[in-house]
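Treat the numbers as computed from the prediction; the structure is a model and nothing was measured.
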Amino acid sequence: MATNAKHHSGSKGGRNKKKMSAKRRKARQRRRILLFVGEIAAIAVLLAVIAGVNTVNKMEKIQIDEEKVGISEHVEQNEQMKGYRNIALFGVDSRKGKLGKGQRTDTIIIASVNMDTKDVKLVSVYRDSYLNLGNDKYNKANSAYAQGGAEQALVMLNWNFDMDITEYMTVGFDALIETIDALGGVQIDVQANEIEHLNNYQRSMFVEKEGDPLNENIVKVTQPGLQTLSGLQATAYCRIRYVGDDYARTERQRKVLMACLEKAKQANPATLVEILNRVVENVQTNLDITEMAGILKDVAAYKVVGQDGVPFASNRGSGTVGKKGSCVVPLDLTENVKLLHEYLFDETDYQPSAQVLECSEKIKSDTAGSNIR
């Protein structure tokens with residue numbers, strides 16, 4: 001009898017556990033449904049706010065033909081790259097909404113987002129990199145945007161690095177200044193030897209034409225250390241090129257971008273939409289309102305887990321390449337592409353495409369007698 005009682009008690013306990021397990025599953029399902037509904041509601045609110053503001057129509061929306069941006073079949077078949085969203089970020093040395101063809105890109109950054117984890121990796125393409133410009137002509141990378149706008153710049157990135165980038169965003173000085181000011185400034189650790197140049201760039205940024213006096217109506221940075229920089233100060237910091245080389249310059253640009261992301265994480269949706277509407281006239285993109293709303297919705301989840309520059313330090317040199325002037329040269333483009341895919345997509349055995357092999361050999365040929373070191 002005792003044995004039967006014990007067995008009966010165990011069966012009852014098992015039923016209770018099953019009931020509890022079912023309740024937990026239902027609770028988890030409800031939470032997932034609520035989370036999904038909440039996400040949809042957040043996007044709907046952002047869309048409603050953005051669509052209701054007339055200034056969004058002033059954003060320069062460019063249609064890019066994805067069939068013409070140089071994505072090879074080799075890349076399209078690469079399963080390792082699936083699940084990542086790669087966006088090109090261009091910063092042009094321009095004000096007053098001049099964002100298209102004819103402008104050189106001071107900043108070229110690939111932002112690669114793991115769509116499962118929301119981890120972000122940033123990689124700068126040095127503007128003086130000697131590369132195929134996306135038209136089988138070779139020159140400094142920043143010439144691609146100047147010659148053919150964003151579409152040619154995307155081809156340049158895809159051809160040289162076996163990428164699949166179809167989305168981009170271009171900003172001018174004013175957009176960066178307005179964004180940082182709307183976020184309340186960004187925290188940057190300024191070094192003592194950067195202060196003079198930072199202030200000089202502040203003075204020069206609003207000179208209308210060559211020969212005009214420098215603008216002295218600025219708030220100077222007076223001491224080194226971690227401090228909050230205004231939009232103008234942070235933008236001037238990004239432009240410093242006399243401390244370190246262009247490698248150090250692009251690192252400053254990435255620092256400011258990461259600082260902006262950290263501040264944006266703390267901002268509410270209304271503030272983010274306000275920023276969007278303040279900068280629209282100085283932004284060119286092929287993202288539509290729904291896509292921008294989705295990015296704003298997820299901004300708190302993004303985490304920058306890595307940042308670097310390509311050509312990579314282990315496989316680059318510099319020197320004068322004929323009439324092209326001083327260039328950053330990938331010593332072996334195929335090796336740089338292997339390193340890039342390992343860095344961005346954790347692909348340790350990537351084999352570059354025939355297109356990359358061709359570009360690599362041409363770069364070696366063009367720079368063979370240039371005393372690259």
Side-chain angles (χ1 to χ4, degrees), residues 39 41-62 85 87-100 105-107 109 111 113 118 120 122 150 167-188 202 205-206 219 227-239 252-304:
E39 289 178 347
I43 292 177
V45 169
L46 284 169
L47 285 172
V49 175
I50 293 172
V53 181
N54 291 329
T55 53
V56 80
N57 295 323
K58 298 178 182 179
M59 181 178 287
E60 190 174 353
K61 176 75 162 54
I62 301 295
R85 183 178 189 177
I87 304 174
L89 308 175
F90 301 117
V92 294
D93 188 354
S94 172
R95 298 185 62 235
K96 298 181 179 177
K98 296 179 180 178
L99 304 171
T105 43
D106 261 13
T107 303
I109 294 176
V113 185
K118 296 297 188 283
V120 181
L122 304 174
E167 299 174 322
Y168 81 96
M169 184 171 288
T170 300
V171 298
F173 289 155
D174 290 341
L176 184 57
I177 292 170
E178 291 275 6
T179 296
I180 293 171
D181 282 340
L183 289 170
V186 290
Q187 287 274 297
I188 299 293
Q202 283 198 86
M205 284 180 63
F206 293 99
V219 177
Q227 56 197 289
T228 300
L229 299 186
S230 69
L232 178 59
Q233 290 170 336
T235 304
Y237 174 82
C238 286
R239 302 191 67 203
R252 292 186 194 99
Q253 294 168 353
R254 295 193 299 272
K255 283 181 180 178
V256 169
L257 183 59
M258 289 187 291
C260 287
L261 178 58
E262 289 307 309
K263 288 299 290 283
K265 287 181 180 182
Q266 303 165 26
N268 58 47
T271 299
L272 296 175
V273 173
E274 177 193 350
I275 291 171
L276 178 62
N277 286 294
R278 286 176 65 170
V279 305
V280 287
E281 291 182 300
N282 290 288
V283 174
Q284 183 189 95
T285 185
N286 64 337
L287 296 171
D288 61 29
I289 291 177
T290 306
E291 291 167 326
M292 286 187 287
I295 291 172
L296 291 179
K297 177 189 72 68
D298 288 337
V299 71
Y302 295 132
K303 180 173 67 173
V304 177

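- Taking the side chain to side chain contact (heavy atoms under 4.5 Å, CB included) definition, one finds that Val171 meets it with Met169, Ala175, Val283, sequence neighbours left out.
- Within the 4.5 Å cutoff, no side-chain heavy atoms of Cys238 are placed close to those of Thr107.
- Scanning both residues, Ile275 and Ala182, for their nearest heavy atoms gives CG1-CB, 3.3 Å.
- Between the OH atom of Tyr168 and the OG1 atom of Thr285 there is a distance of 6.0 Å, given to the nearest 0.5 Å.
- Applying the side-chain contact (heavy atoms from CB on, under 4.5 Å) test between Val92 and each of Thr170, Asp106, Asn282 identifies Thr170 as the sole match.
- To the nearest 0.5 Å, atom CG of residue Leu261 and atom NZ of residue Lys263 are 12.5 Å apart.
- The shortest non-hydrogen separation linking Leu183 to Cys260 is CD1-O, 3.7 Å.
- Remark: Arg278 CZ to Asp174 CG distance equals 11.5 Å, nearest 0.5 Å.
- Considering all non-hydrogen atoms of both residues, Leu122 and Ala111 come closest at CD2-CB, 3.8 Å.
- Residues meeting the side chain to side chain contact (heavy atoms under 4.5 Å, CB included) test with Glu167, sequence neighbours left out: Arg85, Ile87, Asn286, Leu287, Glu291.
- Note that CG of Leu257 is 6.5 Å distant from CG of Leu89, once rounded to the nearest 0.5 Å.
- Taking the side chain to side chain donor-acceptor pair (under 3.5 Å) definition, one finds that Gln227 meets it with nothing, sequence neighbours left out.
- Between Thr228 and Gly184, the shortest heavy-atom distance links the atoms CG2-O, 3.7 Å.
- Contact of the Ile177 side chain with the Met205 side chain is registered, since non-hydrogen atoms from C-beta on lie closer than 4.5 Å.
- Taking 4.5 Å as the limit, some side-chain heavy atom of Ser230 sits within range of a side-chain heavy atom of Asp181.
- Lys118 NZ: more than 12 foreign heavy atoms inside a 6.0 Å radius.
- Taking CG from Leu229 and CD from Gln202, the interatomic distance works out to 8.5 Å, rounded to the nearest 0.5 Å.
- How far CG of Leu99 is from OG1 of Thr105: 12.5 Å, rounded to the nearest 0.5 Å.
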